Amino acid sequence: MPHTEKIQTALSEIRRGSAEIITDEQIEKLLTRYYETGEPYYVKAGFDPTAPDLHLGHTVLLQKLAAFQKYGGIVQFLIGDFTGMIGDPTGKSQTRKKLTQEEVKANAKSYEKQVFKILDPEKTVVVFNSDWLGKLTSYEMIELASKRTVARMLERDDFEKRFKSGQDISIYEFFYPLFQGYDSVVLKSDIEIGGTDQKFNLLMGRHLQRAYNVGKEQVVMMMPILEGLDGVQKMSKSLGNFIGVTEDPNTMFAKIMSISDDLMWRYYDLLSARTIPQIEKMKEDVANGTLHPKRAKEMLAEEIVERFHSKEAASEAREEFNKVFKQKDLPTDMPQYEIEGPIWIAKALVEAGLEPSTSQARRDLAAGAVRIDQKKVEDKDLQLEAGEYILQVGKKKFAKVKVK
RNA sequence: GGUGGGAUACUCAAGUGGCCAACGAGGGCAGACUGUAAAUCUGCUGGCUUUCGCCUUCGGAGGUUCGAAUCCUCCUCCCACCA
């Protein structure tokens, strides 16, 4: 069979990094069919309409989708505008604010701009689940609800815990997984991918496709949750430990450099386009001392900056980083301000946006964190006379100030 | 519907009339050390007049008092138990 080898390569690329696949055999069948008849298959992934600012955590899924596109998959990029409105059960009953049509559209646009840096637009269908969920009649809702028993619902870890400990569970929360599964019925998806925390909801799609006689049961593929910069909690915007895909090259580079060495390998596995043998080789080289771990981290940072910006931006960002942090040199770009003088140093820091308040400035002065023209400020009462100064607070905050 | 309990700074959580800008932990910021980090140690962590001074904070609004986060009244929101 001439296809066998291709199929095996595709399979290993697709499997890579995944936490769990239900079932592997089904994927193999879909691939075989693709290579023999050219018939594509559909890969669904759902996204929340409220947060169009993607970070690297989201790109774990996106890159997996892109991998599928290389091997015959058509991506169903589902924007959960309906389910997003009611909110996924999280243990806390919180009503989400309802987004208007315009807001959803605007968010979707913003998604597309970011997502198509990774996905192939030719092989992507963008869909909104309000299109069908918003039109369900109450009869259809009841029918949907009849497909699953309470006992089975309570199997979901989150529900079970809350039920046992006597915390309340709203009836509407039961509908969330049902709706998500129903999406797969409507879209006739062959595969759905999501985070490991989505297992219950993903499996619901499988169950409902059977219950509605769709003629297929979607493959469920789970990707691990990417840890944030702190290496402990999952990457999320609200925790502030994220790297946004739209961040500028220097920030992105510096953020990646700030992760721990252990976490670096995790990022390699989940984010790098390097092959598994290449990464294994790097690990070995670091272990036996032929490759410096910092260099390994730089390579990762460059690769990721290049993906979202450009090759030039990536190497510039690396130079800038080493200039500022390693050689303790000054950055090439820094904000400039003109201030009326003479002025007390603490005030000047606030004026230049380096400090939020004079009280904070005073504290940092006392801590020895403030530098003028790279020299530590010893005198807390220092007055700046007319002239040009480079002010610095800590290692990261710089400003060029002209005192008039 | 009834009865109790609770709401404190970014988060958790002490404090129950003056010693409270408010213990402690986490987080954050900064310093030292490094390979940018991480780990470790140290300091700081409401604002303002250049600060041994003043102002605003303890769910909201009033009140008692020389003095309240602490006591009283009303309100808002959460939670538990019973229906």
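Computed from heavy atoms alone, side chains included, the values below leave out hydrogens, waters and symmetry copies. Just so it is clear, the structure is predicted and the values come from calculations on it, not from any experiment.
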In whole Å, what is the span from the [atom1] atom of [X] to the [atom2] atom of [N]?
X         : N      : atom1 : atom2 : result
Leu263(A) : A39(B) : CG    : P     : 12 Å
Asp364(A) : A30(B) : CG    : C1'   : 6 Å
Phe253(A) : A37(B) : CZ    : P     : 14 Å
Glu355(A) : C48(B) : CD    : P     : 11 Å
Lys380(A) : C44(B) : NZ    : P     : 14 Å
Arg371(A) : A30(B) : CZ    : P     : 12 Å
His292(A) : U34(B) : NE2   : P     : 13 Å
Leu300(A) : A37(B) : CG    : C1'   : 14 Å

> Taking any strand in view, what nucleotide pairs with A14(B) in a Watson-Crick or G-U wobble way, both distances under 3.5 Å?
Replying inline: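 No nucleotide pairs with A14(B).
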>> When both hydrogen-bonding distances must be under 3.5 Å and the geometry is Watson-Crick or G-U wobble, what is A21(B) paired with, if anything?
In response: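 Across any shown strand, A21(B) pairs with none.
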> Does the distance from a Lys or Arg side-chain N to an Asp or Glu carboxylate O, for Arg295(A) and Glu298(A), drop under 4.0 Å?
Replying inline: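 Yes, this pair counts.
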>> Is it the case that the base of G27(B) and the side chain of Asp230(A) share a donor-acceptor contact (distance under 3.5 Å, atom types as modelled)?
In response: no
> Any N or O donor-acceptor pair linking the side chain of Lys395(A) to the base of U36(B) at under 3.5 Å?
Replying inline: no
Is the distance from OP1 or OP2 of [N] to the nearest side-chain N or O of [X] less than 4.0 Å?
X         : N      : result
Ser359(A) : C48(B) : yes
Ser357(A) : G47(B) : yes
Arg363(A) : G47(B) : yes

> Using the ring of each side chain (for Trp, its six-membered ring), is His55(A) parallel, tilted or perpendicular to Phe242(A), with breaks at 30° and 60°?
Replying inline: tilted
> Parallel, tilted or perpendicular: which describes the rings of Tyr34(A) and Tyr41(A), with under 30° parallel and over 60° perpendicular?
Replying inline: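 Correct class here is perpendicular.
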>> With nearest nucleotide decided by heavy atoms, which residue, Met257(A) or Lys396(A), maps closer to the 5′ end of RNA chain B?
In response: Lys396(A)
> Which residue lies toward the 5' end of RNA chain B, Pro293(A) or Pro356(A), if each is placed at its nearest nucleotide?
Replying inline: Pro293(A)
>> Please classify the nucleic acid contact of Arg362(A) as base, sugar-phosphate, or nothing, using heavy-atom distances under 4.0 Å.
In response: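 Result for Arg362(A) = base.
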> NA contact type, Lys297(A), heavy-atom cut-off 4.0 Å: base, sugar-phosphate, or nothing?
Replying inline: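 Contact class for Lys297(A): base.
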> Can you name the residues that form a side chain to side chain contact (heavy atoms under 4.5 Å, CB included) with Arg210(A), not counting sequence neighbours?
Replying inline: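 For Arg210(A) the side chain to side chain contact (heavy atoms under 4.5 Å, CB included) partners, ignoring immediate neighbours, are His207(A), Glu217(A).
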> Among A32(B), U36(B), C48(B), which is the nearest nucleotide to the side chain of Phe321(A)?
Replying inline: U36(B)
> Where the side chain of Gln360(A) is defined as all heavy atoms beyond and including C-beta, which of C29(B), A38(B), C48(B) is the nearest nucleotide?
Replying inline: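 When the side chain of Gln360(A) is considered, C29(B) is the closest of C29(B), A38(B), C48(B).
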> Can Lys147(A) be said to sit on top of Tyr212(A)'s aromatic six-ring, NZ or CZ under 6.0 Å from centre and within 45° of the ring axis?
Replying inline: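 Because its charged atom sits under 6.0 Å from the ring centre and within 45° of the axis, Lys147(A) does stack over Tyr212(A).
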